[in-house]
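Both counts, for ligands and for their atoms, begin at 1 and track the order of listing.
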Amino acid sequence: MENTHNLLKQLPSIDSLIARIHADQPEYIDNAPQCLVTEAAQQAVAQLREKILRKPDVKIRIDSLVDEILQLLAKKIQPSLRQVINATGTLLHTNLGRAPLSIKAINSINEVAGSYSNLELNLSTGKRGHRYSHVDKLLCRLTGAEAAAVVNNNAAAVLLALTALAKGKEAIVSRGELVEIGGSFRVPDVMEAGGVILREVGTTNKTHLRDYVGAINAATGLLLKVHTSNYRIVGFEQSVTAAQLVQLGQQHKIPVMEDLGSGMLFDLSAFGLPHEPTVQQGVKAGIDILTFSGDKLLGGPQAGIIVGKKWAVDIIRHHPLARAMRIDKLTLAALEATLRHYLNQQEALREIPLLRMLNADAHQLQQRSTELAQELTQRLADTATITVIAEPSCVGGGSLPTTELPGYAVALKLHNISVQNCADNLRSAAVPVIARIQDDQLIVNLRTVFPHQQATLIDTLAAICRGQK
Ligand SMILES: *Cc1c(COP(=O)(O)O)cnc(C)c1O
């Protein structure tokens with residue numbers, strides 16, 4: 001008790017600690033905000049005080065206290081939103097920011113970010129322009145649609161389109177398409193928020209055209225189709241095609257809308273993947289309004305893209321909510337650059353990281369994995385057993401749920417550290433590494449690791465997997 005009391009009295013003051021760092025290691029704190037320096041010192045001293053209260057035989061060492069302060073400070077100075085290395089092999093992770101952007105998209109953001117731009121200025125007339133003008137013609141050219149608009153994300157696009165086209169009326173939807181996707185986006189809830197009355201038809205696994213026909217009445221405002229992007233009904237199932245819905249809509253003068261979710265501009269069967277409905281097909285079928293995400297399979301920035309008939313897009317553009325959901329200039333810059341890649345399919349495949357990773361050759365992945373395994377075996381010596389395993393990737397992000405992309409990964413069996421501990425430490429590295437755990441092994445899948453990140457990945461794995469921090 002006596003000892004504890006003495007120790008607590010010996011704890012240095014915050015001011016004296018900061019003064020000492022100023023004198024000995026000014027480079028660490030001179031450019032740091034004073035409030036963060038003080039906070040780090042207070043935390044370090046508070047931690048030591050707790051330690052003393054728990055274990056009265058602790059030694060107070062000023063050096064260690066200073067080290068602790070500098071470590072805490074380093075964490076506080078670091079930006080919160082940072083680059084991580086995605087070693088999961090899953091291409092679209094909403095938690096990891098979905099699609100990485102192409103170099104051109106990044107450069108476009110750079111160009112616009114630090115300067116003024118012609119965001120809403122028509123440079124040829126000098127009059128007010130519209131922000132949609134930077135992408136709408138491009139979207140029409142790529143999809144064949146009459147008109148286009150873009151908002152903040154696809155959830156916003158769906159809500160805006162629903163409310164603009166069918167507020168106070170009924171929208172007919174198949175029970176098999178009442179989707180929930182991550183982050184609490186549920187079709188019935190979005191409809192309710194948009195003031196649209198949900199009219200469910202059919203059953204979970206089968207919906208027929210006659211079900212829609214039977215539900216049409218004077219209050220019907222919309223026929224809605226939702227792409228079941230994140231799950232599949234297989235077996236005894238039936239749904240109504242877009243073309244059938246369009247025909248029915250035309251007969252009754254009711255607009256048809258489809259939420260495509262991911263929305264692809266290519267036929268994915270070119271990658272050996274199952275055929276996903278393309279945006280062009282929906283447009284061609286005559287759907288009035290189609291919505292899809294910018295940052296899923298399209299491989300661009302977060303955005304909600306709306307394409308379709310001019311009359312319907314006009315109503316959506318002029319709806320008061322459109323202003324509340326409008327896309328910002330940085331996103332717009334990245335979206336335009338991404339869409340421009342699609343003017344040439346080969347360029348899109350080469351330049352858009354998501355498409356490149358989707359299309360990655362299994363043999364090349366095996367080779368890269370083997371090289372990584374060899375390098376790590378050298379660096380980690382007898383602290384880990386390292387093998388190359390066949391491991392398929394999934395697309396993720398609610399896209400292509402039943403599809404597996406054949407590939408390879410490096411599996412590390414660790415001798416000195418629990419695999420969970422290792423995965424935790426990897427996440428707190430200077431450049432955090434996100435890896436999976438499977439069968440008590442750490443799995444590193446290079447499909448989603450950029451070549452320029454590989455050296456950092458190896459150094460981080462080599463430092464952490466041996467069991468030292
Ligand atoms: C992903 C998805 C959405 C939401 O898109 P965000 O861009 O994430 O807002 C809506 N509907 C479907 C079918 C989806 O797959």
Test of proximity, Asp259 against ligand 1: N or O pairs below 3.5 Å: yes
Polar proximity ligand 1 side, Lys296 side, N/O cut 3.5 Å exclusive: yes
Pair Thr291-Asn154, side-chain donor/acceptor within less than 3.5 Å: yes
Contact check: His227 vs ligand 1, nitrogen or oxygen atoms, below 3.5 angstrom: no
Results of salt bridge (Lys or Arg N to Asp or Glu O under 4.0 Å) for Lys225 - residues two or more places apart only: Glu177
For Ala155, the ligand 1 atoms whose distance to one of its heavy atoms is below 4.0 Å: 4 (C), 5 (O), 6 (P), 9 (O)
Donor + acceptor pair across side chains of Thr220, His252 (<3.5 Å): no
Candidate with minimal heavy-atom separation from atom 8 (O) of ligand 1, of Gln302, Glu258, Arg98: Arg98
Val158, any N or O under 3.5 Å of ligand 1 N or O: no
Donor + acceptor pair across side chains of Asn107, Glu111 (<3.5 Å): no
Qualifying salt bridge (charged side-chain N to carboxylate O under 4.0 Å, His left out) pairs, either residue in residues 391-408, two or more places apart: Glu391-Arg436
Ligand-side contact atoms (ligand 1) for residue partner Gly261, heavy atom cut-off under 4.0 Å: 12 (C), 13 (C), 14 (C), 15 (O)
